[in-house]
Amino acid sequence: DGLVAYYPFNGNANDASGNGNNGAVSGATLTSDKDGNTNKAYEFTVDENGGWGSKQDEITINVRPMMNSNEITLSAWVYPRSKPGNFANRPLTVFGRWDINVANEVFRFKVTEDNKIYFQAGSESFKSGQINYDTWSHIAITVGSNGTVKSYLNGSYVDETNFSTPLNVNSQSNLTIGSLVSSNGTWYLFDGKLDELGYWNKVLTSQEIANLFSGSADILLNGTVSAENNQIKNVADPTDAQDAATKSYIDSLIGNLQSE
């Protein structure tokens with residue numbers, strides 16, 4: 001299904017796809033998600049006294065070969081806030097792969113200070129949409145092998161452009177959430193909340209992205225299709241207590257059927 005990593009943030013930053021792309025949390029804290037469920041999202045808070053270019057709250061995922069592909073989809077629920085002090089009027093990073101050096105730069109996926117969805121690959125960039133701060137929004141970007149870049153906001157298509165340079169498929173850059181690590185420091189810190197981040201090495205259709213927003217998407221987790229509408233999220237390896245309880249119930253039913 002092309003899913004590289006999926007972060008539901010159910011009490012941790014583990015990758016629920018089964019691919020083992022778990023995140024290492026530094027500074028970010030668990031908080032309530034868009035539905036008010038506690039410990040189901042991460043909050044990132046910018047310290048206005050933090051050093052310029054220094055690390056603050058972030059989640060880091062070590063690079064894996066599956067992250068390098070000539071097409072991708074990135075999606076996330078975002079709750080951006082204005083940043084304090086010298087960090088004000090600066091973009092907020094959702095996902096980034098930009099560290100080591102220029103030869104390893106892949107992409108920047110951000111919310112800009114002027115309320116836009118922003119995507120950059122190499123020297124080409126694209127801004128679109130209109131995101132409200134201090135509220136939850138769902139954003140997504142797709143990049144095709146033909147260079148077509150499309151943006152989505154709250155499940156709806158927004159705009160598209162075409163990049164002339166293909167995605168870097170030979171990068172050793174790690175994946176970061178909430179900050180953009182580059183060769184000269186850490187920049188474009190996120191202030192606010194993030195949840196349900198997804199990374200695919202294929203282009204999702206408009207309908208699939210609409211389903212991500214509506215909560216009706218079927219996401220393949222650990223080899224099991226998962227319905228995201230108050231149903232089991234991860235049968236094979238449940239990380240949520242409710243999912244584990246449901247799995248136990250289903251196992252008991254299967255056991256009863258097998259004994260009959």
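Since the model is a prediction, treat every value here as computed from it, not as a measurement.
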Rounded to the nearest 0.5 Å, what separation is found between the OG atom of S128 and the CD atom of E160?
10.5 Å

Decide yes or no for S156 and L153: does some side-chain heavy atom of the first lie under 4.5 Å from some side-chain heavy atom of the second?
no

For the CG atom of D15 and the OH atom of Y199, what is their distance to the nearest 0.5 Å?
12.0 Å

Pick one: which of I117, L194, T135, L92 meets side chain to side chain contact (heavy atoms under 4.5 Å, CB included) with V78?
L194

S125 side chain to Q120 backbone, donor-acceptor under 3.5 Å:
no

Check whether any side-chain heavy atom of V203 sits under 4.5 Å from a side-chain heavy atom of E208, and report yes or no.
no

Answer yes when E196 and K40 have at least one side-chain N-carboxylate O distance shorter than 4.0 Å, and no when they do not.
no

W77 ring centre to K34 NZ or CZ under 6.0 Å, with the angle to the axis within 45°?
yes

side-chain contact (heavy atoms from CB on, under 4.5 Å) evaluation trace for I100 with Q172:
CA-CA 8 Å; I100 306 175; Q172 293 301 309; 3.9 Å; yes

Has D33 got a side-chain atom pairing as donor or acceptor with D35's backbone, closer than 3.5 angstrom?
yes

Heavy-atom pair with the smallest gap, counting every atom of V4 and M66
CG2-O, 3.6 Å

Cluster question for you: counting only ILVMFWY and a side-chain heavy-atom cut-off of under 4.5 Å, with indirect links fine, are L74 and V94 together?
yes

Might you point out which heavy atoms bring L180 and G96 nearest each other, and give the distance in Å?
CD1-CA, 3.8 Å

Is there a path of hydrophobic side-chain contacts, each under 4.5 Å between heavy atoms, that joins Y42 and V111?
yes

Using distance alone, with no hydrogens and no angle criterion, decide if E58 and S179 have a side-chain donor and acceptor under 3.5 Å apart.
yes

Should the pair F163 and F119 be assigned to parallel (<30°), tilted (30 to 60°) or perpendicular (>60°) ring geometry?
parallel

T45 backbone acceptor or donor facing D57 side chain under 3.5 Å
yes

Examine distances only and state if a side-chain atom of N14 and a backbone atom of N22 form a donor-acceptor pair shorter than 3.5 Å.
no

In the structure I gave you, are the side-chain heavy atoms of Y7 and D195 within less than 4.5 Å of one another anywhere?
no

Least distance between heavy atoms, A5 atom then S17 atom:
CA-OG, 3.9 Å

When rounded to the nearest 0.5 angstrom, what distance separates OG1 in T142 from NZ in K150?
6.0 Å

Before giving the answer on side-chain contact (heavy atoms from CB on, under 4.5 Å), spell out for V149 and I141 the whole-Å C-alpha distance, their side-chain angles and the decisive distance to 0.1 Å.
CA-CA 7 Å; V149 183; I141 284 282; 4.2 Å; yes

Steps toward side-chain contact (heavy atoms from CB on, under 4.5 Å) verdict (F95, L197)
CA-CA 9 Å; F95 268 137; L197 282 73; 3.6 Å; yes

Determine whether a donor-acceptor pair (N or O, by modelled atom type, separation under 3.5 Å) exists between the side chain of S69 and the backbone of E71.
yes

Are K127 and D114 close enough for a salt bridge, meaning some N to O gap below 4.0 Å?
yes

In one Ile/Leu/Val/Met/Phe/Trp/Tyr side-chain cluster, 4.5 Å: Y188, I177
no

Compare all side-chain heavy atoms of I139 with those of I131 and state whether any distance is below 4.5 angstrom.
yes

Counting distance only, does the side-chain N/O of S182 pair as donor-acceptor with the main-chain N or O of W98 below 3.5 Å?
no

Check S137 against N154 and note the closest heavy-atom contact, atom names and distance.
CA-OD1, 3.4 Å

Is it true that T186 and Q56 share a donor-acceptor pair across their side chains at a distance under 3.5 Å?
no

Just verifying a value: how many Å separate W200 CH2 and L3 CG, rounded to the nearest 0.5 Å?
6.0 Å

Sub-6.0 Å ring centroid separation between W52 and F87:
yes

side-chain hydrogen bond (donor to acceptor under 3.5 Å, both in side chains) assessment of S173 paired with D99:
CA-CA 5 Å; S173 174; D99 65 356; 2.6 Å; yes

Do Y133 and S82 have side-chain N/O donor and acceptor atoms under 3.5 Å apart?
no

Should N19 and Y6 count as side-chain neighbours, where that means a heavy-atom distance under 4.5 Å?
no

Is D191 salt-bridged to K83, going by a charged N under 4.0 Å from an acidic O?
no

Check: V46 and P84 side chains under 4.5 Å, non-hydrogen atoms
yes

Please round to the nearest 0.5 Å and tell me the distance separating atom OG of S145 and atom NZ of K202.
13.5 Å

Do you reckon I61 sits in the same ILVMFWY cluster as L30, going by side-chain contacts under 4.5 Å, direct or chained?
yes

If we ignore angles and hydrogens, is there a donor and acceptor under 3.5 Å between the side chains of R64 and N174?
no

Begin with the C-alpha distance, continue with both residues' side-chain angles, and end with the deciding distance and a verdict on side-chain contact (heavy atoms from CB on, under 4.5 Å) for V63 and L175.
CA-CA 6 Å; V63 64; L175 175 66; over 6 Å; no

Side-chain contact test, heavy atoms from C-beta onward, threshold under 4.5 Å: evaluate it for L189 versus F44 and give yes or no.
no

N89, CG atom: more than 12 neighbouring heavy atoms under 6.0 Å:
no

Taking every non-hydrogen atom, the tightest pair across D134 and Y79
O-OH, 3.2 Å

Minimal heavy-atom distance between S32 and A41, with the atoms involved, is O-CB, 3.7 Å

Is a side-chain N or O of R97 found less than 3.5 angstrom from the main chain of M67, in a donor-acceptor match?
yes

With a cut-off of 6.0 Å (strictly less than), are more than 12 heavy atoms of other residues, nucleotides or ligands near CG of N37?
yes

Report yes if the side chains of F9 and I59 come closer than 4.5 Å at any heavy-atom pair, otherwise no.
yes

Keeping the roles fixed (side chain from N211, backbone from S214), state whether a donor-acceptor pair exists under 3.5 Å.
no

Look at the side-chain heavy atoms of Ile, Leu, Val, Met, Phe, Trp and Tyr, link any pair under 4.5 Å apart, and say whether V181 and V106 land in one connected group.
no

Can you measure from CD1 (I72) to CG (N201) and round to the nearest 0.5 angstrom?
9.5 Å

Distance to the ring centre below 6.0 angstrom and angle to the axis at most 45 degrees; does that hold for K110 and Y118?
yes

